[in-house]
Number of protein chains: 2
Amino acid sequence: MPRKATVTMADVARKAGVSVASVSNYLNNRPYMSESMRARIASAIDSLGYQINLSARNLRSGQTHLLKFVIPDLRQIYFAELAEDVLAAAHQRGYGVIVESTSNSRERELEAVRSMGQRAVDGLILSPLMMQPADAELLRGDYPLVVLGERLFDVPAPHVLIANRSGVREATEHLLRAGCRRIAVVGAAARGNTELSSRTIRTQGYRDALREAGVDFDPALMIVTEGWGSLDGLTAARRMIDDGLPFDAVLALNDLMAWGVMRGLRDNGIRVPEDVRVVGFDDLDESAYVSPSLTAVDPNRTEIARLAVESVVEQIESGRRAPAQTVEAPARLVCRESSPAVE
Amino acid sequence: MPRKATVTMADVARKAGVSVASVSNYLNNRPYMSESMRARIASAIDSLGYQINLSARNLRSGQTHLLKFVIPDLRQIYFAELAEDVLAAAHQRGYGVIVESTSNSRERELEAVRSMGQRAVDGLILSPLMMQPADAELLRGDYPLVVLGERLFDVPAPHVLIANRSGVREATEHLLRAGCRRIAVVGAAARGNTELSSRTIRTQGYRDALREAGVDFDPALMIVTEGWGSLDGLTAARRMIDDGLPFDAVLALNDLMAWGVMRGLRDNGIRVPEDVRVVGFDDLDESAYVSPSLTAVDPNRTEIARLAVESVVEQIESGRRAPAQTVEAPARLVCRESSPAVE
DNA sequence: GTGAAAGCGCTAACAT
DNA sequence: ATGTTAGCGCTTTCAC
């Protein structure tokens with residue numbers, strides 16, 4: 001005598017004296033249904049405590065209303081904040097999100113991509129770090145996909161770009177306008193794809209601005225660090241000071257490093273922004289509260305997340321992957337104490 | 001003429017000249033299968049590019065190999081780091097994780113709980129913030145569940161507690177041992193459940209240590225802030241200084257506030273740790289790199305995450321919810337520059 | 001408007 | 001060792 005642990009649609013239909021088709025119609029808000037039936041079903045559902053079995057619906061409908069979001073590491077504050085925005089955007093569109101942190105592993109990135117054939121999720125938002133151009137091949141397929149971040153390689157799907165180059169150009173222009181002429185750039189060597197790292201791309205924006213302003217580029221001002229942490233920023237600042245390198249501003253290629261740079265400068269009696277201006281990139285929540293508060297390029301995470309989610313959802317609803325294309329969320333400079341707005 | 005877009009097990013079976021049952025057995029690594037069949041199936045799968053349809057497996061098996069992890073906000077670094085550890089522990093056990101950030105909303109916490117009847121996931125790890133004791137009722141059910149955090153109310157499932165009280169007691173003992181006698185405590189008023197907030201519980205650990213050491217408790221040293229951010233810590237430090245409150249140590253009830261407190265002190269020419277020692281709670285990654293580096297209570301997130309995941313997975317595998325019980329991950333004090341170890 | 005019935009792709013019990 | 005087959009619970013034609 002097996003106990004009926006789970007209430008199914010058939011139970012509801014029986015109790016309400018209708019067919020399962022009608023219960024299904026009711027649950028999916030389909031029109032053309034008599035009020036009396038609607039009421040009978042509602043009360044049957046209520047008294048039975050019925051809840052739909054999503055596994056069954058998923059199999060039948062071929063959809064899961066789930067997205068997969070793949071990032072290198074949630075401990076990196078940037079990705080955590082981005083993830084929060086992705087979750088919010090997805091929730092708003094009625095989708096849940098399986099977050100997959102790859103721990104900076106190429107193999108795990110590829111694993112996540114390969115598993116898309118299993119139809120466990122309806123679409124993929126991929127923020128790759130370690131994937132190689134040769135791996136781009138694996139991205140071919142018909143499932144909804146959006147890639148986030150630098151253009152590491154050609155992607156057969158929509159690509160939401162971070163405004164690295166233009167964001168840094170804007171930051172540099174701001175510093176030049178403030179009268180700075182020896183702007184040090186602090187960033188880490190690439191970990192994954194060497195050609196098109198954040199550092200390379202962001203540095204281009206810096207050179208763009210210098211060129212346009214007619215300021216000479218001095219390679220000595222390019223400080224390459226080991227990693228992207230605040231400790232690396234601290235170390236960079238110390239090295240610059242110890243080396244006797246003259247500079248009147250520091251453009252840190254991410255916020256964490258900017259925090260570290262500011263500490264390193266202050267530890268050596270250099271005042272920010274009076275002696276040296278400091279600008280970061282990311283505009284993390286906390287950057288508004290460090291001291292001095294940080295002027296930073298805001299890549300517009302919320303917009304990036306929104307664009308990405310809108311695009312996958314659109315692909316899901318249209319039933320096919322969108323063609324290769326790039327969209328760039330406009331970055332903007334947020335001026336705070338570490339480098340106040342000029343004029 | 002419908003195109004056969006998806007390859008099914010039947011296709012593999014046909015191609016390999018075997019039954020679907022054998023293909024299923026192969027995929028599930030069941031023993032007692034001839035090498036020749038194994039090879040034929042493998043090659044059929046390979047040439048067809050077959051991938052299992054998880055929706056079908058989920059429906060049939062009644063499992064999804066998915067966990068739901070519900071937290072208030074990923075932007076809070078503490079939760080992001082915890083989430084990373086949960087993802088890692090789950091991945092290791094073969095589970096994916098649907099992360100749900102409730103944006104500090106009680107309704108979204110309840111929504112997440114209520115949706116468990118839909119069988120979209122096998123188990124729930126819930127870190128509630130806004131739920132009320134009256135809502136505990138909703139947690140009854142037979143699905144695998146683990147609750148994380150303070151004991152806000154009685155939970156009909158395993159509860160992984162953070163060692164708030166003992167962790168803070170240890171931190172306080174450390175400060176007392178260092179000769180501090182006027183230890184200010186900085187924490188925020190409760191947002192959700194008032195009775196058993198972090199602040200209340202952590203403060204108990206502080207009083208425990210004072211009592212044991214025979215040091216008088218001075219209510220003036222209890223600084224209550226608006227929020228838990230570093231700005232609140234900064235504000236608290238300023239207020240203490242402006243009020244002329246005498247103190248020789250600050251115990252911030254989370255790391256972010258400790259960062260802010262240290263800035264506030266330094267801004268006013270107070271040296272850490274020479275003049276005032278500072279200790280935090282959480283031991284965020286970044287706390288090792290702020291300057292001075294922060295001494296903090298490490299609640300052992302990795303262990304908390306591991307315990308939680310192990311428990312849900314065990315419940316899933318045993319087929320029923322574990323009884324109410326509490327487990328506490330032991331906290332430990334990590335001594336750094338802001339309050340070096342004594343002796 | 002409503003119902004009957006087919007079947008999504010897989011697992012597992014049972015038969016051989 | 002391997003095959004046959006009955007569903008898992010739902011959605012969706014297609015009749016009525």
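Every heavy atom of this structure was used, including side-chain atoms; hydrogens, water molecules and symmetry mates were not.
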Peer 1: Classify L54(B) by what it touches in the nucleic acid, base, sugar-phosphate, or nothing, heavy-atom distance under 4.0 Å.
Peer 2: nothing
Peer 1: Expressed in angstrom and rounded to an integer, what is the separation of L27(B) atom CG from dC10(C) atom C1'?
Peer 2: 10 Å
Peer 1: Roughly how many Å is it from CZ in R40(B) to C1' in dT2(D), rounded to a whole number?
Peer 2: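 One finds 10 Å between C1' of dT2(D) and CZ of R40(B), rounded.
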Peer 1: Calculate the interatomic distance between M9(A) atom CE and dA4(C) atom C1'; express it in whole Å.
Peer 2: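 After rounding, the gap between these two atoms is 13 Å.
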Peer 1: Expressed in angstrom and rounded to an integer, what is the separation of Q63(B) atom CD from dC8(D) atom P?
Peer 2: 17 Å
Peer 1: Is the side chain of D46(A) donor-acceptor paired with the backbone N or O of A42(A) at a distance under 3.5 Å, no angle test?
Peer 2: no
Peer 1: Between dT11(D) atom P and N29(A) atom CG, what is the distance in whole Å?
Peer 2: 12 Å
Peer 1: Nearest to the side chain of L59(B) - dT4(D), dT12(D), dG9(C)?
Peer 2: dG9(C)
Peer 1: Specify the residue among V20(A) and M33(A) whose closest nucleotide of DNA chain C lies further upstream toward the 5′ end.
Peer 2: M33(A)
Peer 1: Apply the side chain to side chain contact (heavy atoms under 4.5 Å, CB included) test between I45(A) and each candidate in V7(A), D11(A), L27(A); give the one that qualifies.
Peer 2: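 Option passing the side chain to side chain contact (heavy atoms under 4.5 Å, CB included) with I45(A): L27(A).
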Peer 1: In plain terms, say whether R306(B) and E303(B) are close enough for a salt bridge, that is, a side-chain N and a carboxylate O under 4.0 Å apart.
Peer 2: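 The answer is yes: the pair qualifies as a salt bridge.
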Peer 1: Would you kindly give the OH-to-C1' distance between Y50(A) and dC10(D), to the nearest whole Å?
Peer 2: 7 Å
Peer 1: Select one nucleotide: of dG9(C), dC10(D), dG1(C), the one nearest the side-chain heavy atoms of N53(B).
Peer 2: dG9(C)
Peer 1: Would you tell me if any nitrogen or oxygen in the side chain of S19(B) comes within less than 4.0 Å of OP1 or OP2 on dT2(D)?
Peer 2: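 Answer is no, no contact under 4.0 Å.
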Peer 1: Check whether any side-chain nitrogen or oxygen of R30(A) sits under 4.0 Å from OP1 or OP2 of dG1(C), and answer yes or no.
Peer 2: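 No, because none of the side-chain N or O atoms of R30(A) sits under 4.0 Å from OP1 or OP2 of dG1(C).
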Peer 1: What integer distance in Å separates I52(A):CD1 from dT12(D):P?
Peer 2: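 In whole Å, dT12(D) P lies 11 Å from I52(A) CD1.
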Peer 1: Ignoring backbone atoms, establish whether S61(B) has a side-chain N or O less than 4.0 Å from OP1 or OP2 of dC8(D).
Peer 2: no
Peer 1: Between R60(B) and dG9(C), is there a contact of a side-chain N or O with OP1 or OP2 at under 4.0 Å?
Peer 2: no
Peer 1: Does N28(B) place a side-chain N or O at less than 4.0 Å from the phosphate oxygens OP1/OP2 of dT11(C)?
Peer 2: yes
Peer 1: Of N25(B) and A56(A), whose nearest nucleotide on DNA chain D comes first from the 5' end?
Peer 2: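 Of the two residues, N25(B) wins.
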Peer 1: Between N58(B) and T64(B), is any side-chain donor less than 3.5 angstrom from a side-chain acceptor?
Peer 2: no
Peer 1: Measuring to OP1 and OP2 of dT11(D), would you say a side-chain N or O of S24(A) lies under 4.0 angstrom away?
Peer 2: yes
Peer 1: For dG1(C), does OP1 or OP2 lie under 4.0 Å from any side-chain N or O of S34(A)?
Peer 2: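 Looking at the OP1 and OP2 atoms of dG1(C), neither is under 4.0 Å from any side-chain N or O of S34(A).
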Peer 1: In terms of side-chain heavy atoms of R57(B), which of dT11(C), dG3(D), dT2(C) is nearest?
Peer 2: dT11(C)
Peer 1: For side chain to side chain contact (heavy atoms under 4.5 Å, CB included), just list the numbers for L145(A) and Y143(A), CA-CA rounded to whole Å, side-chain angles, deciding distance to a tenth of an Å, and then say yes or no.
Peer 2: CA-CA 6 Å; L145(A) 166 69; Y143(A) 59 86; 4.0 Å; yes
Peer 1: Other residues, nucleotides and ligands only: do more than 12 of their heavy atoms fall within 6.0 Å of CZ on R140(A)?
Peer 2: no
Peer 1: Do any side-chain nitrogens or oxygens of R38(A) fall under 4.0 Å of OP1 or OP2 in dG1(C)?
Peer 2: no
Peer 1: Measure the distance from CG on N58(B) to C1' on dG9(C) and round it to the nearest whole Å.
Peer 2: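 Going from N58(B) (CG) to dG9(C) (C1'), I get 11 Å.
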